[in-house]
Amino acid sequence: MHPAGLAAAAAGTPRLPSKRRIPVSQPGMADPHQLFDDTSSAQSRGYGAQRAPGGLGYPAASPTPHAAFLADPVSNMAMAYGSSLAAQGKELVDKNIDRFIPITKLKYYFAVDTMYVGRKLGLLFFPYLHQDWEVQYQQDTPVAPRFDVNAPDLYIPAMAFITYVLVAGLALGTQDRFSPDLLGLQASSALAWLTLEVLAILLSLYLVTVNTDLTTIDLVAFLGYKYVGMIGGVLMGLLFGKIGYYLVLGWCCVAIFVFMFPLLPGAVAHACNPSTLGGRGGRITRSGDQDNPG
């Protein structure tokens, strides 16, 4: 071809761009030819812009009560109403609980210690050598049971009742007769007999019109001491058979009679005597001495 024609063809054909490969850095990857990290771009992006709450260097802003209420008003109103009802109910229970359950009086009957429990159990099994049966008073109120072995308590009767039910279950198990129904029947019958005994004594005191310092809780305490002897009888029956059961049970029956005989009439006489607590005369202190009337 003629050189002039080649020049014309070259002039009429556009030049193609060079296909030289340019390395492209992926996002998050540093340039392999860069010696130091470039942080100017990150600063320029964050300069003058407010960071989101809760981000680095900014504490998370807690929503205000008004914002929370506006977010879900129905549930918040229900929660506030329920809280007010619960507070009113608690206040009502606190005011009227003493009318049904005398909590302050029950605390007195559980004011015991280890020494008192040991002495009282010894008195229940061997009351024949005990001489001083007077209940001690201090400023018109009886002293706590841990200071007076003659004072009634509810700790020993409650523990004795629970232990008696467990020992009865053990006795039924040794006879291959144990079942939850029989154990529940044993506990229910023991509680029913205790209730009948208390009601019978209260009815007797009402019919003979006797004034006494004994309360219903006192009667429950005194009558609940019999479970101690019943536990001893059942245990001796498991160890020595019927002979041991009846011997120990008879001993405990006589012991509980000797134990209660001076205490119950003493409480009745103490209420009826005008020269003792509850009358017009002096008061019995903890030491047993009487103050002069007036």
Side-chain angles (χ1 to χ4, degrees), residues 93 96-112 116-118 120-125 127 145 151-208 212-261 263-264 267:
V93 170
N96 298 325
I97 190 171
D98 284 338
R99 297 175 54 187
F100 305 100
I101 303 176
I103 301 297
T104 55
K105 293 182 179 179
L106 289 178
K107 290 181 180 179
Y108 164 82
Y109 291 95
F110 285 94
V112 300
Y116 168 83
V117 173
K120 196 58 170 280
L121 291 177
L123 182 60
L124 290 174
F125 282 106
D153 71 283
L154 286 178
Y155 176 80
I156 294 178
M159 295 297 104
F161 176 80
I162 297 174
T163 307
Y164 168 72
V165 174
L166 297 177
V167 172
L170 177 62
L172 292 174
T174 56
Q175 301 174 1
D176 296 331
R177 297 167 46 201
F178 176 80
S179 68
D181 296 336
L182 286 179
L183 189 64
L185 181 61
Q186 193 76 20
S188 302
S189 62
L191 190 60
W193 277 110
L194 177 64
T195 305
L196 290 176
E197 291 171 358
V198 172
L199 292 178
I201 294 179
L202 290 176
L203 180 61
S204 301
L205 294 175
Y206 175 76
L207 292 177
V208 298
T212 178
D213 287 340
L214 288 174
T215 63
T216 304
I217 302 178
D218 292 333
L219 294 177
V220 172
F222 282 120
L223 296 176
Y225 289 135
K226 67 176 180 292
Y227 294 116
V228 176
M230 294 170 67
I231 293 171
V234 175
L235 290 178
M236 291 300 103
L238 292 175
L239 295 176
F240 303 104
K242 292 184 178 180
I243 297 178
Y245 171 75
Y246 286 112
L247 285 178
V248 174
L249 187 62
W251 174 276
C252 292
C253 289
V254 176
I256 198 68
F257 176 78
V258 174
F259 169 77
M260 295 181 63
F261 182 76
L263 289 177
L264 294 180

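Only heavy atoms go into these numbers, but all of them, side chains included; no hydrogens, no water, no symmetry mates.
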Residue pair A111 / P145: nearest heavy atoms and the distance that separates them: O-CD, 3.6 Å
Contact check, side chains of Y164 and Q186, non-hydrogen atoms, under 4.5 Å: yes
Distance (rounded to the nearest 0.5 Å) between L182 CG and L172 CG: 6.0 Å
Rounded distance (nearest 0.5 Å) linking atom OH of Y108 with atom CG of L154: 10.5 Å
Nearest-0.5 Å distance, CD1 of residue I156 to CG of residue L121: 4.5 Å
Minimum-distance pair of heavy atoms, taken over all atoms of G244 and M236: O-CB, 3.6 Å
Heavy-atom side-chain proximity of D153 to Y225 below 4.5 angstrom: yes
Side chain proximity check, F125 to C252, heavy atoms < 4.5 angstrom: yes
CZ/F110: more than 12 non-hydrogen atoms of other groups inside 6.0 Å: yes
Closest non-hydrogen atom pair between A255 and P127, with its separation: O-CG, 3.3 Å
Distance (rounded to the nearest 0.5 Å) between I201 CD1 and D218 CG: 11.5 Å
Inter-residue atom distance F161.CZ - M230.CE, 0.5 Å rounding: 9.5 Å
Minimum heavy-atom distance F259-K120, with the two atoms named: CZ-CE, 3.6 Å
Candidate pair K226 and L194, rule side-chain contact (heavy atoms from CB on, under 4.5 Å), full reasoning: CA-CA 10 Å; K226 67 176 180 292; L194 177 64; 3.6 Å; yes
Pair T163-Y227, side-chain contact (heavy atoms from CB on, under 4.5 Å): steps then yes or no: CA-CA 9 Å; T163 307; Y227 294 116; over 6 Å; no
Over 12 non-hydrogen atoms of neighbours within 6.0 angstrom of OH in Y245: no
L239 CG: over 12 foreign heavy atoms closer than 6.0 Å: yes
Euclidean distance, Q175 CD relative to L238 CG, rounded to 0.5 Å: 8.0 Å
